[in-house]
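Please read the structure below before turning to the comments.
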Amino acid sequence: MDLELTDEHRLLEQSVREWTARDVAPRIHDLDREHRFDRNILPQMASLGLLGICIPAEYGGAGMDYIALGLASEELEYVDTSLRVILSVHVGLNSLTLLAWGTEDQKQRYLIPQSQGTKIASYGLTEPAAGSDVRGIQTTATRKGDRWILNGEKTWISLADVADQFIVFAWTHEEKKRRRDPSGISAFVVERGYHGFSSGTLKEKWGILAGNTGFFKLDDVEVPEQNMLGRAGEGFKIAMFALDQGRFTVAAGAAGLIRACRDAGVKYALDRKTFGVEIGQHQLVKEMIAQMESDYQAARLLWLRSGWLKNIGRRNTRETGLAKWFATVASERAAADCVQIHGANGYSDEYPAGRFYRNCKGAVIYEGTREIHKLMQADYALGYRVDRPSRCELPPYVATRKT
Ligand SMILES: Cc1cc2nc3c(=O)[nH]c(=O)nc-3n(C[C@H](O)[C@H](O)[C@H](O)COP(=O)(O)OP(=O)(O)OC[C@H]3O[C@@H](n4cnc5c(N)ncnc54)[C@H](O)[C@@H]3O)c2cc1C
């Protein structure tokens with residue numbers, strides 16, 4: 001295993017860092033305060049190749065590897081979580097799922113425009129009465145000739161009011177729904193423009209305020225048969241597959257957030273004086289900085305391992321889950337300490353610490369809560385949980401992906 005980044009990785013890291021520092025960082029405080037999602041960020045991300053970063057060139061992507069996806073996630077969340085969320089849902093949860101499970105026709109119609117950034121994509125699993133308990137979803141798809149009729153409501157969906165197309169999960173088997181047998185769930189690609197689709201933004205959200213999070217409703221939405229993703233009954237597996245990729249971006253993003261907390265904490269500790277010395281001289285402040293440093297390094301190594309496993313085509317559900325769990329919990333610790341180092345100033349939006357604190361919490365909840373990940377890791381260790389091969393897997397990275 002080689003932990004050295006390639007020149008291409010470094011170039012990517014540098015270009016995302018420069019773009020966010022120049023074009024986003026100066027405005028993020030205001031966007032956050034105004035609860036405003038800036039759509040102009042999307043074409044900028046597209047022009048940097050980020051919206052198709054690890055998608056092969058034949059499907060309109062930049063053809064980079066999965067480490068590149070992690071690096072971009074880390075750099076984006078260093079500036080603001082809302083930026084990384086775009087990558088998580090668009091590439092992590094949606095495009096990589098189309099790449100692995102989509103038909104050639106679906107890749108042509110949906111994946112290519114997504115990679116090029118002309119269409120934005122998201123993922124609709126959660127419902128008002130079902131988050132961790134995926135089998136509790138109520139959305140149904142009923143067959144009618146060569147179409148499926150979808151009815152239901154999804155909530156807490158990132159980019160709900162922004163995305164053009166969604167992967168949506170619904171029961172296609174009534175009896176299995178009653179028995180909560182997940183082999184009765186199927187996945188569909190649903191376009192915003194379909195008759196009966198409507199969406200809205202959640203107004204009371206208190207974190208990731210520069211991001212869009214909302215709900216959508218499906219009221220007798222007719223979805224053509226060729227938009228079923230995978231086979232009938234594979235929806236649950238597809239949903240879990242997507243989370244393996246989404247969690248990877250969340251893990252790398254949380255590492256970026258820890259680094260942002262460390263850098264802001266160090267800057268303040270070198271500047272603020274109490275009792276005649278910089279606060280960085282106090283051992284209890286050093287302890288907080290040291291914890292951020294070790295958490296950052298460990299979080300980064302964990303997502304790098306997960307990206308490496310993806311590159312070589314090895315199953316990584318366990319490792320990616322661990323990386324996501326560790327990094328998000330550590331980011332909550334780092335953000336709390338970042339506020340603490342800033343004293344009363346940390347309690348004000350004049351400094352970024354408060355935004356970091358609000359933003360970090362979402363990731364401890366979405367893509368598997370802290371508790372669900374804890375249970376998963378215990379179950380792996382105890383031998384209660386074993387990952388079985390799936391009909392479709394994430395394609396390994398091959399350098400020839402580029403043209
Ligand atoms: C900002 C944000 C963005 C999101 N974006 C998306 C998106 O794009 N697409 C999407 O589909 N969803 C999205 N979600 C939803 C997210 O995935 C769910 O909120 C998450 O899965 C948790 O579900 P829940 O909120 O229903 O909590 P619940 O499942 O109701 O859990 C409530 C509490 O009970 C605990 N709990 C539940 N079951 C168990 C158990 N068996 N053992 C121990 N504890 C348990 C949980 O850990 C939690 O603490 C988003 C959420 C947020 C906050």
Side-chain angles (χ1 to χ4, degrees), residues 32 35 37 77 80-97 120-139 152-170 180 185 187-190 192 199-218 229 235-236 238-247 249-250 253-254 257 321 324-325 328-329 331-332 355-379 384-385:
D32 188 77
H35 297 209
F37 178 82
E77 189 148 4
D80 195 65
T81 304
S82 60
L83 302 174
R84 191 271 305 149
V85 168
I86 296 169
L87 214 56
S88 291
V89 295
H90 180 84
V91 178
L93 291 171
N94 192 310
S95 292
L96 288 174
T97 308
I120 300 301
S122 186
Y123 170 93
L125 179 62
T126 305
E127 298 188 0
S132 310
D133 181 13
V134 172
R135 296 168 202 208
I137 64 169
Q138 294 301 313
T139 299
E153 181 177 347
K154 300 288 176 180
T155 192
W156 283 104
I157 305 304
S158 304
L159 306 187
D161 250 353
V162 172
D164 303 289
Q165 45 217 32
F166 301 80
I167 296 177
V168 174
F169 300 89
R180 288 172 53 87
I185 296 175
F188 299 88
V189 179
V190 175
R192 169 176 300 281
S199 72
T201 292
L202 296 174
K203 304 279 188 206
E204 305 292 333
K205 186 178 63 152
W206 57 255
I208 324 180
L209 296 176
N212 176 263
T213 317
F215 59 88
F216 62 80
K217 291 184 180 164
L218 303 158
L229 188 57
F236 186 84
I238 294 173
M240 296 305 120
F241 168 92
L243 289 174
D244 278 356
Q245 325 321 327
R247 285 169 180 166
T249 62
V250 174
L257 185 53
K324 190 272 181 189
W325 174 42
T328 55
V329 171
S331 75
E332 201 178 352
R355 179 166 51 85
F356 297 155
Y357 197 37
R358 284 186 277 106
N359 284 355
C360 72
K361 190 63 193 176
V364 185
I365 296 168
Y366 50 67
E367 306 218 19
T369 65
R370 179 180 60 199
E371 291 69 35
I372 294 298
H373 281 289
K374 203 176 267 187
L375 294 173
M376 279 174 65
Q377 291 302 321
D379 285 349
Y384 298 160
R385 184 186 172 105

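When a ligand or atom number is given, it counts from 1 through the structure's own listing order.
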Mark yes or no for whether D164, through its side chain, and R192, through its backbone, hold a donor-acceptor pair below 3.5 Å. no
Taking the six-membered ring for Trp, are the ring centroids of Y123 and F169 within less than 6.0 Å of each other? yes
Between Q245 and T97, do the side chains contain an N or O donor and an N or O acceptor separated by less than 3.5 Å? no
Sub-4.0 Å protein heavy atom near [atom]:
atom                    : value
atom 33 (C) of ligand 1 : no
atom 9 (N) of ligand 1  : yes
atom 52 (C) of ligand 1 : yes
atom 30 (O) of ligand 1 : no

Of the choices S88, A129, G131, which has the non-hydrogen atom that lies closest to atom 26 (O) of ligand 1? G131
Option set W156, Y366, F166, criterion heavy-atom distance to atom 5 (N) of ligand 1, minimum: W156
Residue among T126, L375, T369 satisfying side-chain contact (heavy atoms from CB on, under 4.5 Å) with S132: T369
Counting only nitrogen or oxygen atoms and a 3.5 angstrom limit, does D133 reach ligand 1? no
Step through the shown structure and confirm whether more than 12 heavy atoms of other residues, nucleotides or ligands are within 6.0 Å of OH on Y357. no
